[in-house]
Number of protein chains: 2
Amino acid sequence: MRLSKRGEYGLRAMIDLASWTQDGRVISIKAIAERENIPVKFLEQILLAMKNGGLVNSRMGASGGYYLAKPAAQITLGQIIRLLDGPLAPIRCVSQMAYEPCSCPDESTCGLRSVMFDVRNAIADILDHQTLADVVHGQPGNNLKLNEMSKS
Amino acid sequence: MRLSKRGEYGLRAMIDLASWTQDGRVISIKAIAERENIPVKFLEQILLAMKNGGLVNSRMGASGGYYLAKPAAQITLGQIIRLLDGPLAPIRCVSQMAYEPCSCPDESTCGLRSVMFDVRNAIADILDHQTLADVVHGQPGNNLKLNEMSKS
DNA sequence: CCTATATTCTATTGTTTTAGTAGGACATTT
DNA sequence: AAATGTCCTACTAAAACAATAGAATATAGG
């Protein structure tokens, strides 16, 4: 159930962009990498992928850099993670974007599938509604349960 | 965010055990593997791990096999997944059982961390409350959201 | 125009994880 | 004693992960 470093770095970089960008300014890979403790060349790839995915834009050359392609309130964490790490769903047979049949004889009566469907939705409910703007402004998650004692 | 085959097979095997076991009977690896389409030798390892983890017991020798170590209502999917795949948390710094500090300067104000904390709790809320008995008897998940349009 | 500073793009590398396989030792039933 | 199980360790091929390397290209500023 874990997020890769690629996904984590991508999220941190986007949050960084969202919090440091104002008006027409751009931010260099190096600046982000230093603030967020991310290997420069690795971050380079990640930002490139996000550019190709339409989440950021860039200005080349000296004093160039990156900026969000859309307002921070229109970019969700779900979009970023899907782009960098693939589907949110724990198993393919409950994924909307990358569905594949599983091995069970009948999906409609598969107990495991229905639980995993719930898990997928719980994850997507959070990640598809939390925007970069929410994260930057410390918006509390709408699914937060305080009195939760389970160990993850 | 995905479940490994090891985890998936383990869950399927446990659900199989929960639904086919009655009174003092045991079920062989081969029988489970055939019903659930799991490679026999792989399942062997998985069941062994679950035995060492205290979730199942076994009877050796001819006509031996496995059975649940506890009533199905006392085994949660969370226990199984943690045993086979490790922590449910997307990143270590929000894990209870395998906490590690992340790279950010201050965890208490880290926006990413607080979102991932919510995600961890959402996953654990489901997986730590759904028992094998629930799954076998088609208990609906308590976190199911029907009108959900997001793609996973 | 030239240089320093950026992004762009592709390839390569080392490590770890995943998903099994193989094979023999040991226990129990028949 | 043979058949049928679990137990246990080691091994392996392939994929995923986490970078690194290096050259090409673009632009600002002097």
Side-chain angles (χ1 to χ4, degrees), chain A residues 1-13 17 24-34 36-67 69 81 83-87 90-92 98 102-103, chain B residues 1-13 17 24-34 36-69 81 84-87 90-92 98 102-103:
Chain A
M1 298 290 180
R2 78 174 227 292
L3 186 70
S4 71
K5 282 292 174 191
R6 180 177 159 94
E8 183 189 331
Y9 291 162
L11 287 168
R12 287 192 194 284
L17 273 177
R25 296 193 62 244
V26 299
I27 298 174
S28 71
I29 292 176
K30 207 179 137 201
I32 301 172
E34 272 167 11
E36 307 291 336
N37 282 298
I38 304 174
V40 178
K41 296 296 275 184
F42 194 15
L43 182 56
E44 206 178 288
Q45 290 182 10
I46 294 168
L47 281 169
L48 207 49
M50 289 199 285
K51 181 184 170 144
N52 294 332
L55 297 182
V56 296
N57 281 130
S58 63
R59 209 166 63 203
M60 287 185 71
S63 81
Y66 285 91
Y67 58 97
I81 295 177
L83 187 61
L84 297 175
D85 271 14
I91 48 180
R92 305 290 263 209
C102 50
S103 51
Chain B
M1 300 289 179
R2 78 176 228 291
L3 187 70
S4 71
K5 282 292 173 190
R6 180 177 160 94
E8 183 189 331
Y9 291 161
L11 286 168
R12 287 193 195 285
L17 273 178
R25 296 194 59 245
V26 298
I27 298 175
S28 71
I29 291 174
K30 207 179 137 200
I32 301 172
E34 272 165 13
E36 307 290 337
N37 282 299
I38 303 173
V40 177
K41 293 297 274 183
F42 194 15
L43 183 55
E44 205 178 288
Q45 290 182 10
I46 295 168
L47 282 169
L48 207 49
M50 288 198 286
K51 180 182 170 146
N52 294 332
L55 296 182
V56 296
N57 281 131
S58 63
R59 209 164 62 204
M60 286 186 71
S63 81
Y66 284 91
Y67 58 97
L68 298 181
I81 296 177
L84 297 175
D85 271 13
I91 48 180
R92 306 289 263 209
C102 50
S103 51

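Every chain is numbered from 1, with letters handed out A, B, ... down the list of sequences. Every value quoted in this text rests on a predicted model; they were computed, and no experiment measured them.
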Under 4.0 Å: is that the gap between some side-chain N or O of [X] and OP1 or OP2 of [N]?
{"X": "B:S28", "N": "D:dT4", "result": "no"}
{"X": "A:S58", "N": "C:dT8", "result": "yes"}
{"X": "B:K51", "N": "D:dT6", "result": "no"}

| message | For A:K41 and A:G7, find the nucleotide of DNA chain D closest to each by heavy atoms; which residue's nucleotide sits nearer the 5' end? | response |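 It is A:G7, whose closest nucleotide lies nearer the 5' terminus.
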
| query | Would a 4.5 Å heavy-atom cut-off, applied to side chains only, mark B:R2 and A:P87 as touching? | reply |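 A side-chain contact is absent here, since even the closest heavy-atom pair is not under 4.5 Å.
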
| query | Below 4.5 Å, heavy atoms only, C-beta onward: do B:Y67 and B:S58 meet side chain to side chain? | reply |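 Counting from C-beta outward, B:Y67 and B:S58 never come under 4.5 Å.
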
| What are the two closest non-hydrogen atoms of A:M1 and B:L3, and how far apart are they? |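 Smallest interatomic distance, heavy atoms only, reads CE-CD1, 4.2 Å.
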
| query | Of the non-hydrogen atoms in A:Y66 and A:L17, which two are nearest, and what is the gap between them? | reply |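 Smallest heavy-atom distance, with atoms named: O-CD2, 3.5 Å.
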
Counting side-chain heavy atoms from C-beta on, which of [options] comes nearest to [X]?
{"X": "A:K5", "options": "C:dA22, C:dC26, D:dA19", "result": "D:dA19"}
{"X": "A:P39", "options": "D:dA19, D:dG22, C:dT7", "result": "D:dA19"}
{"X": "A:I29", "options": "C:dT7, D:dT20, C:dA19", "result": "C:dT7"}
{"X": "A:Y9", "options": "D:dA19, C:dA22, C:dA19", "result": "D:dA19"}
{"X": "B:A62", "options": "C:dG24, D:dA18, D:dT4", "result": "D:dT4"}

| query | At what distance, to the nearest 0.5 angstrom, does NZ of B:K5 lie from CD1 of B:I46? | reply |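 CD1 of B:I46 is found 11.0 Å from NZ of B:K5.
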
Could you tell me the separation between the [atom1] atom of [X] and the [atom2] atom of [N], rounded to a whole number of Å?
{"X": "A:R6", "N": "D:dA16", "atom1": "CZ", "atom2": "C1'", "value": "11 Å"}
{"X": "B:N57", "N": "D:dC7", "atom1": "CG", "atom2": "C1'", "value": "14 Å"}
{"X": "B:L43", "N": "C:dG20", "atom1": "CG", "atom2": "P", "value": "11 Å"}
{"X": "B:F42", "N": "D:dC11", "atom1": "CZ", "atom2": "C1'", "value": "15 Å"}
{"X": "B:E8", "N": "C:dT18", "atom1": "CD", "atom2": "C1'", "value": "13 Å"}
{"X": "B:R59", "N": "D:dT6", "atom1": "CZ", "atom2": "C1'", "value": "12 Å"}
{"X": "B:L84", "N": "C:dA19", "atom1": "CG", "atom2": "P", "value": "12 Å"}
{"X": "B:M60", "N": "C:dT29", "atom1": "CE", "atom2": "C1'", "value": "13 Å"}

If you restrict it to nitrogen or oxygen atoms, what contacts under 3.5 Å exist between nucleotides 10-17 of chain C and the protein, and what is each distance?
unit_1 : atom_1 : unit_2 : atom_2 : d
C:dA11 : N6     : A:Q45  : NE2    : 3.3

| message | Using only atom types and a distance under 3.5 Å, with no angle test, would you say the side chain of B:D85 pairs donor to acceptor with the backbone of B:S4? | response |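 Between the backbone of B:S4 and the side chain of B:D85 there is a qualifying donor-acceptor contact (under 3.5 Å).
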
| message | With a 3.5 Å distance limit and no angle check, can you tell me whether B:R6 reaches the backbone of B:L84 through a side-chain donor-acceptor pair? | response |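 Answer holds: yes.
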
| said: I need the single residue from B:L47, B:L48, B:I38 that forms a side-chain contact (heavy atoms from CB on, under 4.5 Å) with B:I29. Which is it? | reply: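 Running side-chain contact (heavy atoms from CB on, under 4.5 Å) over B:L47, B:L48, B:I38 with B:I29 returns exactly one hit, B:L47.
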
| query | Which residue lies toward the 5' end of DNA chain C, A:N52 or B:S4, if each is placed at its nearest nucleotide? | reply |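 With A:N52 and B:S4 compared, the 5'-side residue is A:N52.
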
| task | Starting from the 5' end of DNA chain C, give me the residue, A:Y66 or B:G61, whose nearest nucleotide shows up first. | result |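 Of the two residues, A:Y66 wins.
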
